[in-house]
Amino acid sequence: WRLVRRGAPGVDADRDERVGWRQFTAFNGPLMVSTIAWSAMRPLLNAVMGRTVDPDLAQGGLGFVFPLLILMASPLWALQNTTLVLVRDRNDFRRLARFAGAVIAVFVTLIGAWVWTPLREVLLLDIFSLEPDKAAYVAGAVMLIPYQPIPMGLRSLTQGFLMNRRRTGTIALASVLKTLVLVVPGFALVAWNPALNGAVLATVLIMVGGTVETVVVALRARRLHAELMAETDRAADAGLAPPADPR
């Protein structure tokens with residue numbers, strides 16, 4: 001309350017236009033849908049794994065791999081907030097895009113060094129103290145983890161761009177599509193072959209769903225960029241100041 005009181009230092013600023021409730025809702029509503037979809041991912045996958053021939057092992061494998069999957073790529077979420085807050089022109093965005101590419105490459109390399117080498121056995125048997133049969137069950141899923149930083153990093157970058165431009169509707173749409181990719185093929189594959197390795201299946205579904213979400217968000221960000229560039233060019237041809245920096 002002290003932060004938002006009238007005249008609070010660092011909060012009040014001279015502005016010609018105030019943000020109305022409709023704009024708040026239009027911006028925040030899709031982000032709430034996206035958050036709900038992300039939070040629902042784990043229980044939905046558990047529902048899929050519960051229909052395998054060995055639901056306890058499948059759900060246990062998911063319970064082991066899912067936090068590891070999120071943990072190893074989680075720093076890349078920071079790209080979203082960085083794009084949202086710090087990017088003010090196309091030079092900033094270009095610099096951040098180069099930084100994102102480098103960070104993604106570093107994380108893929110570092111995670112790969114753990115899970116594509118004999119260090120994987122150290123990770124599973126010595127650090128996490130898994131029994132040999134359970135370590136063998138999740139090994140295939142763990143070896144897929146180095147892919148995760150790629151869609152997560154690209155999605156964070158382009159999603160931050162859409163948030164920066166106050167165009168969040170596509171974020172909700174992409175999240176819903178990701179959820180459908182998790183649920184529909186997941187139940188279909190388990191119905192087709194209940195003996196599938198649950199840990200591998202869940203990891204593949206997460207990565208395919210994340211890739212679909214990233215493609216949808218990235219295509220919308222690219223299309224928005226083209227629209228803003230065209231708008232700026234039209235304003236320049238008319239001898240007017242550009243309406244907005246296209247980033």
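Note that this is a predicted model, so its numbers are computed, not measured.
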> Taking the side chain as every heavy atom from C-beta outward, state whether R42 and L62 have any atom pair closer than 4.5 Å.
yes
> Should we count CZ of R222 as having more than 12 external heavy atoms under 6.0 Å?
no
> Side chains of T25 and R22: closer than 4.5 Å at any heavy-atom pair?
no
> Measure from the side-chain N and O atoms of R167 to the backbone N and O of N164, and report whether any donor-acceptor pair falls under 3.5 Å.
no
> Given side chains that start at C-beta, do those of L44 and V48 come closer than 4.5 Å, heavy atoms only?
no
> What distance do W116 atom CH2 and T109 atom OG1 have between them, rounded to the nearest 0.5 Å?
8.0 Å
> If two hydrophobic side chains count as joined below 4.5 Å and joins carry through other members, does V215 share a cluster with L162?
no
> Could you state whether V106 and L96 fall into the same hydrophobic cluster, counting links through intermediate Ile, Leu, Val, Met, Phe, Trp or Tyr residues with side-chain heavy atoms under 4.5 angstrom apart?
no
> Looking at side-chain heavy atoms only, is the closest gap between L157 and F93 below 4.5 Å?
yes
> May I have the list of side-chain donor-acceptor pairs in residues 173-192 shorter than 3.5 Å, sequence neighbours left out?
residue	atom	partner	partner atom	Å
S175	OG	S34	OG	2.9
S175	OG	I171	O	3.0
S175	OG	E213	OE2	3.2
K178	NZ	E213	OE1	3.4
T179	OG1	S175	O	3.0

> Once you round to the nearest 0.5 Å, how far does CZ of R166 lie from CG of L224?
13.5 Å
> Please name all residues satisfying side-chain contact (heavy atoms from CB on, under 4.5 Å) with Q80, sequence neighbours left out, ordered by chain then number.
W77, S156, Q159, M163
> Taking atom CG of L57 and atom CG of D133, what is their separation to the nearest 0.5 Å?
7.5 Å
> Return the set of residues passing salt bridge (Lys or Arg N to Asp or Glu O under 4.0 Å) with E121 (not counting sequence neighbours), or none when no residue passes.
none
> Side-chain donor-acceptor contacts of residues 136-152 below 3.5 Å, not counting sequence neighbours, with atom names and distances?
residue	atom	partner	partner atom	Å
Y137	OH	G198	N	2.7
Y147	OH	T211	OG1	2.7

> Taking only residues at least two apart or on different chains, which pairs with a member in residues 20-46 satisfy ring pair (Phe, Tyr, Trp, His ring centres under 6.0 Å)?
W21-F24
> Considering residues at least two apart in sequence or located in another chain, which fulfil the side chain to side chain donor-acceptor pair (under 3.5 Å) criterion with R95?
D92
